[in-house]
2 protein chains.
Amino acid sequence: MAGRPKSYDDAQVLSQAMRTFWKQGYEATSYSDLEKSTGLGRQSLYGAFGDKKCLFVAALKHYGQNVTQLSLEILNQDGSPISNVGRWLRRLVERAARLKIGCLLTNTAIEAGTHDADVQQVVQQELACVEQALQRTLRRAVACGELSPQTNVSEVATYFFGVAQGLMVMGRMGQSRIRLTRFANVALATLQPAAN
Amino acid sequence: MAGRPKSYDDAQVLSQAMRTFWKQGYEATSYSDLEKSTGLGRQSLYGAFGDKKCLFVAALKHYGQNVTQLSLEILNQDGSPISNVGRWLRRLVERAARLKIGCLLTNTAIEAGTHDADVQQVVQQELACVEQALQRTLRRAVACGELSPQTNVSEVATYFFGVAQGLMVMGRMGQSRIRLTRFANVALATLQPAAN
DNA sequence: ACTATTATTGAACCGTCATTCCGTAATCGC
DNA sequence: GCGATTACGGAATGACGGTTCAATAATAGT
């Protein structure tokens with residue numbers, strides 16, 4: 001038997017909470033902030049998501065399934081694998097330059113540091129998905145001759161993983177789209193020599 | 001006329017405060033933490049450095065003049081400029097892998113975000129010094145023929161700036177020395193083609 | 001209509017935060 | 001030694017943090 005129905009949409013609330021954590025960070029976000037951004041009272045927040053940390057990891061996973069998912073889709077597209085990587089990086093640049101708040105996973109990795117193991121594990125897991133997709137894409141590139149057969153795929157995937165992290169930091173610093181674009185261009189040039 | 005003498009060394013206290021902020025972040029560091037790590041009472045901390053934010057920017061500048069300074073020295077060494085860049089990056093890898101707490105400037109850039117303009121400006125300024133040193137080193141490399149004359153120096157400097165940020169993020173994530181080394185190696189390979 | 005169940009609201013709770021007040025201790029010039 | 005000055009230690013202070021309690025509102029089943 002069901003009681004009083006919820007007056008909100010879980011996904012929308014989670015999306016707003018995510019955005020607030022994203023902009024302000026975990027520690028700097030209070031329940032008053034969350035009340036304002038979601039429009040819910042805190043008892044509703046507690047009832048639906050548990051305490052602050054639970055709500056945060058829910059927001060983290062929401063981020064993974066909405067924002068990070070787009071990266072995977074781009075990387076997994078059919079067609080030229082290295083142009084997929086290019087589109088992926090350029091999209092990252094575009095978003096980073098526009099939003100100026102970096103990536104929630106990157107920000108969390110830094111804020112949680114070595115302290116909060118639970119949170120850190122969620123972050124690692126989400127980011128690992130991206131790197132694995134990157135690996136598959138690079139492997140396809142080798143298979144279809146876009147990259148040299150001697151390419152160390154996992155090494156290059158790790159490389160682009162790091163490049164993406166650097167991009168997000170620069171984005172959060174509020175650096176110009178031009179600088180981000182330059183960074184991405186030089187990074188992408190790493191893949192070109194083998195294509196000649 | 002002088003009163004009671006200080007019972008501590010300013011630089012040492014600042015060094016300990018810096019390390020605490022570095023490990024825990026600004027928001028997550030309380031005065032109780034600072035008392036423990038520095039050994040001073042909070043009245044002494046207030047008397048010597050002002051409020052929390054002032055103490056923090058003092059710690060930031062201390063970081064710049066001690067930790068970041070080492071980067072500049074390596075980059076400015078005589079001899080082969082590109083091997084300077086190599087040594088610089090490998091040292092970053094070594095420290096990042098050993099300490100596992102990233103870079104105070106990077107961490108602060110992410111935590112302060114677009115919120116705290118004062119702090120953000122200090123960070124930008126400290127980091128800009130490194131990028132400028134990088135530019136000078138690369139220019140020397142072009143001058144002595146280690147890099148192609150067509151090299152876009154400022155672009156490549158921005159690139160290594162971003163790479164360093166990515167390295168620091170990965171270090172704070174606690175990723176293995178091997179992964180950091182791989183990242184740095186691929187990044188450094190960008191400079192090699194012109195050397196052949 | 002009545003009860004059981006769930007959502008919502010607002011206020012209370014207790015701890016901790018940054019900051020400051022006050023009394024004491026240690027050094028100076030004299 | 002004495003007063004002026006500065007450093008120190010501990011306890012207050014007021015605000016705000018996350019969390020929970022008590023009361024009310026809204027539905028479903030019977």
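Just so we're on the same page: letters track the sequence lines, and every chain starts at 1.
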If you take any heavy atom closer than 4.0 Å to DNA chain D, which residues from residues 17-38 of chain B end up in contact?
none

Ring centre gap for B/Tyr63 and B/Phe21 strictly below 6.0 Å
no

Looking at the rings of A/Tyr46 and A/Tyr31, which for Trp means the six-membered one, are their centres under 6.0 Å apart?
yes

Over how many whole Å does the gap from [X] atom [atom1] to [N] atom [atom2] extend?
X: A/Leu45; N: D/dT20; atom1: CG; atom2: C1'; answer: 14 Å
X: A/Lys6; N: D/dA28; atom1: NZ; atom2: P; answer: 15 Å
X: A/Arg42; N: C/dA12; atom1: CZ; atom2: P; answer: 14 Å
X: A/Tyr8; N: D/dA26; atom1: OH; atom2: C1'; answer: 14 Å

Please determine whether any donor N or O and acceptor N or O are separated by less than 3.5 Å between the side chain of A/Arg4 and the base of C/dT5.
no

Using heavy atoms and a sub-4.0 Å distance, could you list which residues of residues 48-60 of chain B are near DNA chain C? By number, please.
B/Asp51, B/Lys52

For atom CD of B/Gln125, decide whether the heavy atoms of other residues, nucleotides or ligands shown that lie under 6.0 angstrom number more than 12.
no

Does B/Tyr159 belong to the same Ile/Leu/Val/Met/Phe/Trp/Tyr cluster as A/Ile178, with side-chain heavy atoms less than 4.5 Å apart forming each link?
no

Between the main-chain N or O of B/Gly102 and the side-chain N or O of B/Trp22, is there a donor-acceptor pair closer than 3.5 Å?
yes

Side-chain (A/Gln175) to main-chain (A/Met170) donor-acceptor, under 3.5 angstrom
no

What do the steps show when you test A/Arg98 against A/Glu94 for salt bridge (Lys or Arg N to Asp or Glu O under 4.0 Å), and what is the final call?
CA-CA 6 Å; A/Arg98 188 158 35 101; A/Glu94 174 53 34; 3.5 Å; yes

Check the phosphate of D/dC8 against B/Ser44, side-chain N and O only, distance under 4.0 Å to OP1 or OP2. Yes or no?
yes

How would you list, by chain and number, every residue that makes a salt bridge (charged side-chain N to carboxylate O under 4.0 Å, His left out) with A/Arg179, sequence neighbours excluded?
B/Glu131

Judged by each residue's nearest nucleotide on DNA chain C, which is more toward the 5′ side, A/Ser7 or B/Gln43?
A/Ser7

